[in-house]
Amino acid sequence: MMIRYKEPFFILETKDLSYVFKILSTNHLEHLHFGAKILDSDLNQLHTKLTAKARGVIDYDNSENKDIPLDLTPLEYSSFGKGDFKLAPLEIKMPDSTFVSDFVYHKHEIIEGIYASKELPTGYDDESQTKTIIVTLKDTKFNIYLDLVYTTFFESNVITRRTILRNEEKHSISIRKIMSMMFDLYGNDYEMLTLDGGAIKEGQKHITPVSYGTYINSSMTGISSYKHNPGVILLKKGTHEDYGMCYGFNLIYSGNHYTAIDQSSHGILRVMQGINPSCFEWDLHQNETFETPTTVLTFSDKGFNQLSHHMHHFINHHMIPRQFKNVERPIVINSWEGFYFDFNERKLLTLAKKAKDLGIELFVLDDGWFSTRNNDQSGLGDYDVNLKKLKHGLVGLASKIRNLGLKFGLWFEPEMINPVSKLYDKRPEYAVKIEGRNPSLGRNQLLLDLCNPEVRAYIMNEMSKIIDETKLDYIKWDMNRYMTDMFSAYVPQQGMFYHTYMLGLYNILGQLRKKYPHILIETCASGGNRFDLGMLSFGPQIWTSDNTDPISRLSIQKGMSYFYPLSTLSNHVSLSPHEQTLRKTPLHTRFNVAMFGVLGYELDFKYLSAFEIKTIKEHINLYKSYRKILQYGKFYRFNEDSPYQMMYQVSKDNVHILGNYQILALPNPNLEQVRIKNLKDNEMYALKSMNQKMTLDKFGHLISHALPIKLNPNKALFRLISRFKQLDNATEDVVLSGQALMHGYKLKQQFMGTYYNDQTRIMGDFGSQIYIIKESS
Ligand code: GLA
């Protein structure tokens, strides 16, 4: 029984959590509890004890038992204009032209499974794990109904919420703001964790203290954006990775989002999440309904790691397209950083052959295969294949790639149009723009109007032709500009533009998913500019960032991991120095970071030495043996991280993999230990590190002191020897109990500025090591 009504209480439960609210004498809903599992015997004492009057508050109703001050009552969803002065979750112009509404309990229904939406992703349940309750509120004056829809996902420890507004009055109403969820809790010692950033710096974690007033995390770019990811954590001050109380919220939506945390003067903290109300205006005529996107809520009393595990379980089991659930994702070679727009069939096949030799499984041709697309100034919107580059067309290329034993995938940017394109010449009205204004360009391109069904049909038809001809295994669905000049002739009010666009996008993605269920869709928006649960409902993985520098990637991937599991993070190894930072990093570290997620390569192998090629082959073999763990394991972050060092751990089926990354080498560094998480106390474990061979040049001129022959590190002979002569790096190979490893295993000493020997760990700047920990029999 995951959802119960025990008059007047509603009790929603997951494996470890309870969520409770009740009907008040005024028929408003009081929020009582969201957190660790509680007992039924607790229910009678969970309410707010308003035992005396307070100054300065409005009584809802003067009659006996109804003189409840809504401003002092933690509510489950509020209205506006009846005495609750905290931030309102909705703003509706009612049939009488006022903004006053008063939604109170009307009825409820408990159903098995999910109450799915036809237009918006809501998650799914193949495991009979879910129950849903629809609590219908009715306005006290008008026949206007508000459904609060809650679904409990038992194993995931997640509850989802959304709201549906229905107008049964003759007069239209106008929605200006409608949140997917709201609830109030006690507290004035909370902080807010958000992921903020920009191009090539996605997912940077920030923690902001919540004080009086409203704290907002939102986007008005038209997409979820890397400026502010829609995921938000509300944490008790002092919460860390493994301890402390925190609540997590994320919206299954890819457009303008909004999360507000509002601290009021009586110690009540209000949380709400939904579509950004800015520039939103949606009229609801008689018998029409409006559905909000769904919010995903969870709670942890064991810090952020546990909160992330709940979110990750939910995404892996109830969110990503079901045909990819638990399916190992292929290792990709992507043509972008290797060639950009400058390729032909011969170059692509050379790359593919080498990739195949190394063990790579999927070849992805990125941007540049169509129309006049020899740079980013033209061609978007067109789908004719560039036969100058691909003399046997895409069909010819695809079959040659397949003959090599690789799968074939292709890049598209379906939502866009370049003013320099055949499509624009024919159909300028397909582009989003406003008559009388010069439309602003982003990467030389305009948005296609997905509110227009003809545009959606055009995209679907053109893509289908290519997919059918080339029998694609994979699609990279890209989106490279924010929205401006918002207007569509296909919406009755321009305040409907952003959301209708999203519905249009989900409509095409839904069609594509249905027609081609086997195609692996990886979504992308200039990297992680649309990294959200909406996109994950259609494509199970996302290109995390255009930044492939592993040191930048450490914080980007760590940031994303607060809300999104490793199976969703697409990570590529590229050449160094990195194009985004000009930083030089070791090949081992590039792999050691990219391996935590879905691995790929994005480089031209011809620039690598034989030693590096051999190393990549070893890396790929290692990845394949642990792929299930690296994509679907439980991911742990560490409190011990510092500006100089970071660690990741992933665990599954009694195998644990720890990545230890040295961001900068310190002179004469501290002795170090690694603390492995999630082991069994009395079990014995073998801990092994990889032998990460080094080339001679790691030591530069120091080598001339160590060798009998004096070599100049700047001369050709040294460089030549360097290419072939490899040195072993110190490794660890020990057996210890779970207890001892969780307490901390003391690593061999790092190089401390003198007396090197073969038992010295050489890490250096950007060095890293991988430890594999298995039960030892
Ligand atoms: C975006 C993507 C890249 C690449 C280019 C192609 O920037 O994030 O990965 O696909 O577009 O133009």
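All ligand and atom numbering here is 1-based and tracks the order in the structure.
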Atoms in ligand 1 flagged as close to Ser526, the criterion being non-hydrogen separation under 4.0 Å:
7 (O), 8 (O)

Filtering Tyr340, Trp543, Phe341, Trp336 for the heavy atom nearest atom 5 (C) of ligand 1 leaves Trp336

Charged tip of Arg637 within 45° of Phe304 ring normal and under 6.0 Å
no

Backbone N or O of Leu251 within a donor-acceptor pair of the Thr295 side chain at under 3.5 Å?
no

May I ask you to decide if the ring planes of Trp543 and His572 are parallel, tilted or perpendicular, using 30° and 60° as cut-offs?
tilted

Which residue and heavy atom of the protein sit nearest atom 12 (O) of ligand 1, plus the separation
Asp367 OD2, 2.6 Å

Any cation-pi pair here, Arg427 with Tyr458, using under 6.0 Å and within 45°?
no

Contact partition for Asp376 relative to ligand 1, non-hydrogen atoms under 4.0 Å
neither

With backbone taken as N, CA, C and O and side chain as the heavy atoms from C-beta onward, which portion of Arg443 lies under 4.0 Å from ligand 1: side chain, backbone, both, or neither?
side chain

Do the side chains of Asp382 and Arg373 get close enough for a salt bridge, i.e. N-O under 4.0 angstrom?
no

Record the part of Cys524 in heavy-atom contact with ligand 1 below 4.0 Å; permitted values are side chain, backbone, both and neither.
side chain

Decide whether a cation-pi geometry holds between Arg329 and Tyr474; the criteria are a distance under 6.0 Å from NZ or CZ to the six-membered ring centre and an angle within 45° of the ring axis.
no

Could you check atom 10 (O) of ligand 1 against the protein and tell me its nearest heavy-atom contact, residue, atom and distance included?
Asp366 OD1, 2.6 Å

List the closest protein heavy-atom neighbour of atom 2 (C) of ligand 1: residue, atom name, distance to the nearest 0.1 Å.
Asp478 OD2, 3.1 Å

Pull out every atom of ligand 1 sitting under 4.0 Å from any heavy atom of Lys476, numbered as shown with elements.
3 (C), 4 (C), 9 (O), 10 (O)

Decide whether Asn592 and Gln692 meet the rule of one side-chain donor and one side-chain acceptor closer than 3.5 Å.
yes

Closest to atom 7 (O) of ligand 1 among protein heavy atoms sits Asp546 OD2, 2.9 Å

